[in-house]
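First comes the structure, then the notes that go with it.
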Amino acid sequence: MKKKKKKMIKEISKNYGNNEVNEAKKNWESYSNDKKKSIMQESEDIFLELAKLKDKDVDSIEVQKIMIRWHNFIKNFYNPSIEVLRGLGNMYYNDPRFNKKFRELDPDLPDFLNDSIKNYVDTLEDKWLEEQKDTLTDKLSN
């Protein structure tokens, strides 16, 4: 493994915990080379397609579909919680390495990606809270 990649994995483990890092590593190592190429291509496709939508509202159906694809893409590595998805969005925006990569795809992508992820995660959180309220209401009414 390259020195930069090891350093980044160590930083991610420190900032976000080892569970996701270990699960991601285990899953990645289980994939064939073709599957790995497919996953990496999907990542690039997601961000390129999102960049094409930068003039759309983050609530638009088109952007939401890309965010669902992104969420499913992350599941190739681990099953992320709402907090982890939010953390990934923050990392993509605040970490200069990710920010630079996204700016190379499109200068406006880091800002739009940040807003799109925040909106998507907020929507997931609102839906989860509503489900929990219904569950609690059902439980209390019995």
Side-chain angles (χ1 to χ4, degrees), residues 1-140:
M1 192 181 302
K2 293 181 180 178
K3 197 173 191 176
K4 283 184 180 182
K5 190 173 182 180
K6 279 186 179 182
K7 182 180 176 188
M8 183 179 281
I9 289 171
K10 190 174 181 179
E11 283 178 38
I12 292 170
S13 291
K14 180 182 173 196
N15 293 331
Y16 300 101
N18 282 324
N19 291 342
E20 284 81 8
V21 171
N22 290 337
E23 188 176 348
K25 184 178 177 186
K26 179 182 170 189
N27 287 334
W28 186 254
E29 290 172 354
S30 74
Y31 297 141
S32 68
N33 286 337
D34 286 342
K35 173 84 173 172
K36 289 176 183 178
K37 284 180 189 176
S38 173
I39 290 169
M40 296 314 293
Q41 186 61 55
E42 174 67 359
S43 173
E44 187 169 331
D45 291 347
I46 288 168
F47 297 119
L48 286 171
E49 288 182 39
L50 188 63
K52 291 177 189 174
L53 298 172
K54 69 183 180 184
D55 294 326
K56 298 271 186 187
D57 189 275
V58 293
D59 276 332
S60 73
I61 291 171
E62 299 93 340
V63 172
Q64 290 300 301
K65 285 181 179 179
I66 295 294
M67 289 293 89
I68 292 167
R69 275 181 68 191
W70 170 73
H71 189 169
N72 287 325
F73 162 76
I74 299 300
K75 290 179 182 179
N76 285 299
F77 303 96
Y78 49 84
N79 193 8
S81 65
I82 290 172
E83 294 82 12
V84 167
L85 290 174
R86 192 176 304 281
L88 282 171
N90 290 332
M91 183 177 70
Y92 290 167
Y93 188 74
N94 294 317
D95 186 303
R97 294 164 291 199
F98 284 100
N99 197 290
K100 180 182 176 197
K101 178 180 170 46
F102 293 127
R103 283 199 195 287
E104 288 171 358
L105 294 174
D106 184 290
D108 299 323
L109 184 56
D111 293 324
F112 187 65
L113 177 60
N114 187 46
D115 292 343
S116 297
I117 291 173
K118 281 181 182 179
N119 180 70
Y120 178 73
V121 173
D122 287 347
T123 301
L124 286 178
E125 190 170 54
D126 289 346
K127 288 183 185 215
W128 181 83
L129 287 169
E130 189 62 33
E131 289 171 6
Q132 298 310 305
K133 181 189 77 102
D134 291 344
T135 301
L136 184 58
T137 302
D138 290 346
K139 196 175 202 176
L140 292 174

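Values below: all heavy atoms of this structure, side chains included; hydrogens, waters and symmetry mates excluded.
- In this structure, V84 and Y78 have side chains that are in contact, with non-hydrogen atoms separated by less than 4.5 Å.
- W70 places a side-chain heavy atom less than 4.5 Å from the side chain of L88.
- Every residue two or more places apart in sequence or in another chain was checked for a salt bridge (Lys or Arg N to Asp or Glu O under 4.0 Å) with E44, and none qualifies.
- Taking both residues in full, the closest heavy atoms of V58 and S116 are given as CG1-OG, 3.5 Å, listed atom of the first, atom of the second, then distance.
- Inter-residue side-chain proximity for L50 and L113 is flagged as met; some heavy-atom pair is nearer than 4.5 Å.
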Where do E29 and K25 land on the side-chain contact (heavy atoms from CB on, under 4.5 Å) test, with the steps shown first?
CA-CA 6 Å; E29 290 172 354; K25 184 178 177 186; 3.2 Å; yes

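- Residues passing the side chain to side chain donor-acceptor pair (under 3.5 Å) test with E104, sequence neighbours excluded: none.
- K36 NZ: more than 12 foreign heavy atoms inside a 6.0 Å radius.
- In this structure, the salt bridge (Lys or Arg N to Asp or Glu O under 4.0 Å) partners of D122, at least two apart in sequence or on a different chain, are R86.
- Applying the ring-ring contact (aromatic ring centres under 6.0 Å, His included) test to F102 and every residue at least two apart in sequence or in another chain returns F47, Y92.
- Partners of D115 by salt bridge (Lys or Arg N to Asp or Glu O under 4.0 Å), not counting sequence neighbours: none found.
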Decide side-chain contact (heavy atoms from CB on, under 4.5 Å) for Y120 and I68; before the verdict, give the C-alpha distance in whole Å, the side-chain angles of both, and the deciding distance to 0.1 Å.
CA-CA 8 Å; Y120 178 73; I68 292 167; 3.9 Å; yes

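- Considering CG of N76 and CH2 of W28, their distance stands at 8.0 Å, rounded to 0.5 Å.
- E83 is linked by a salt bridge (Lys or Arg N to Asp or Glu O under 4.0 Å) to nothing, counting only residues two or more places apart in sequence or in another chain.
- For the atom pair CD (Q64) and CG (D57), the distance works out to 9.0 Å, reported to the nearest 0.5 Å.
- The main-chain N or O of N90 is found under 3.5 Å from a side-chain atom of N94 such that the two form a donor-acceptor pair.
- In this structure, the separation between CD on E125 and CG on L85 is 11.0 Å, given to the nearest 0.5 Å.
- Here the side chains of E23 and F77 are not in contact, with every heavy-atom distance at 4.5 Å or above.
- Taking CG from D106 and CZ from F112, the interatomic distance works out to 10.0 Å, rounded to the nearest 0.5 Å.
- A side-chain N or O of N119 and one of D59 form a donor-acceptor pair less than 3.5 Å apart.
- Taking CD1 of I74 as the reference point, atom NE2 of H71 lies at 8.5 Å (rounded to 0.5 Å).
- Counting non-hydrogen atoms of neighbouring residues, nucleotides and ligands closer than 6.0 angstrom, the NZ atom of K54 exceeds 12 such neighbours.
- Residue I66 holds its CD1 atom at 13.0 Å from CD1 of I61, rounded to the nearest 0.5 Å.
- Counting heavy-atom neighbours within 6.0 Å of K75 NZ, excluding the residue itself, gives a total above 12.
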